[in-house]
Amino acid sequence: AVGGTAGAARFAGRALPPGSRVFNPYNEAQLLMWFAPQARLFITPHWSWDFALFDRWRAVSTSAREFERAVRDLDIQFVLANRDPASTAPGLWAYLDGDPRWAPIYFDGGSALFARRDAVPPSLLAEHALEVVRPRFDLAYLDGVPRDALDRDLARLRRDAPAFAAIIEARRAGR
């Protein structure tokens, strides 16, 4: 299926280096714990019983200033964002998409994983960063993109998020 956080969590399990620090959706932590045990999560509902920590998570997910402070203080390297507004505030998603310091390395139409360019191995970006495809729900921005400009990203999506790649290919073919 397109857009399930399980796909992003499986990808994280394959791609993230051991000890990676991830800002994650509160209600999706269990998937990351299962599929990407090498990742260090910002919060989990299983062990984070402190309401102050939940309030901090909420502040970080809804405020660019608080997000930047958390990135600096905790050296966050990755952000898993989910299309569900209860999981990841839409403002944080748009902020990451618009900030050149963050590269989308996974997108399946519903979940995205962003990497902080200055905090991850260059080889990870070389292998996974999407160059043309953006983590956006309206694909109209792709209409004017030359077919060959999408080749690299489509190859990555066929490997990592094949159902979403098929949607882009069908759109490009006019179906």
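What you see is a predicted model; the values in this text were computed from it and never measured. Side chains are part of it too, since the values below use all heavy atoms of this structure and drop only hydrogens, waters and symmetry mates.
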- Query: Checking side-chain contact (heavy atoms from CB on, under 4.5 Å) for the pair F114/I76: CA distance, chi angles, key distance, verdict?
  - Reply: CA-CA 11 Å; F114 296 88; I76 293 170; over 6 Å; no
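- Contact check for R172 versus L150: side-chain heavy atoms found under the 4.5 Å cut-off.
- Using a distance-only test at 3.5 Å, with no hydrogens or angles considered, a donor-acceptor pair links the side chain of S20 to the main chain of P17.
- D143 has a carboxylate O that lies under 4.0 Å from a charged side-chain N of R171, or vice versa, which qualifies the two as a salt bridge.
- Within the 4.5 Å cutoff, no side-chain heavy atoms of F11 are placed close to those of S111.
- The minimum heavy-atom distance between R117 and P100, with the atom names listed, is NE-O, 2.7 Å.
- Residues W93 and G110 share a closest heavy-atom pair of CH2-O, 3.7 Å.
- No donor-acceptor distance shorter than 3.5 angstrom exists from the side chain of E66 to the backbone of R58, with no hydrogens or angles considered.
- When all heavy atoms of V120 and L124 are compared, the pair lying nearest together is CG2-CD2, 4.3 Å.
- Side-chain contact check for R56 versus R69: some heavy-atom pair is nearer than 4.5 Å.
- Considering only heavy atoms from C-beta on, F164 comes within 4.5 Å of L139 through its side chain.
- The minimum heavy-atom distance linking R158 with A165 is given by the pair N-CB, 3.7 Å.
- The shortest distance between side-chain heavy atoms of V79 and V71 does not fall below 4.5 Å.
- A heavy-atom distance below 4.5 Å is found between the side chains of R134 and Y141.
- Under a cutoff of 6.0 Å and an axis angle of 45°, R116 and F78 do not form a cation-pi pair.
- Using a cutoff of 4.0 Å between basic side-chain nitrogens and carboxylate oxygens, R14 and D160 are scored as salt-bridged.
- No side-chain donor from either of D97 and Y95 sits under 3.5 Å from a side-chain acceptor of the other.
- Using modelled atom types, one side-chain atom of Q77 and one backbone atom of R21 make a donor-acceptor pair closer than 3.5 Å.
- Two residues are said to be in side-chain contact when any heavy atoms from C-beta on lie closer than 4.5 Å; L113 and L16 meet this criterion.
- A salt bridge is absent between R156 and E127: the closest approach of a Lys/Arg side-chain nitrogen to an acidic carboxylate oxygen does not fall below 4.0 angstrom.
- Counting heavy atoms from C-beta outward, T62 and F67 have side chains that stay 4.5 Å or more apart.
- In plain terms, the two heavy atoms of A115 and L125 that are nearest each other are CB-CD2, 4.1 Å.
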- Query: Going through the checks in order, is the side-chain contact (heavy atoms from CB on, under 4.5 Å) test met by F23 and V60?
  - Reply: CA-CA 9 Å; F23 184 78; V60 170; 3.3 Å; yes
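- Nearest heavy atom pair, residue D153 against residue A129, reads OD1-O, 4.2 Å.
- Under a 4.0 Å N-O distance rule, the pair R101/D99 qualifies as a salt bridge.
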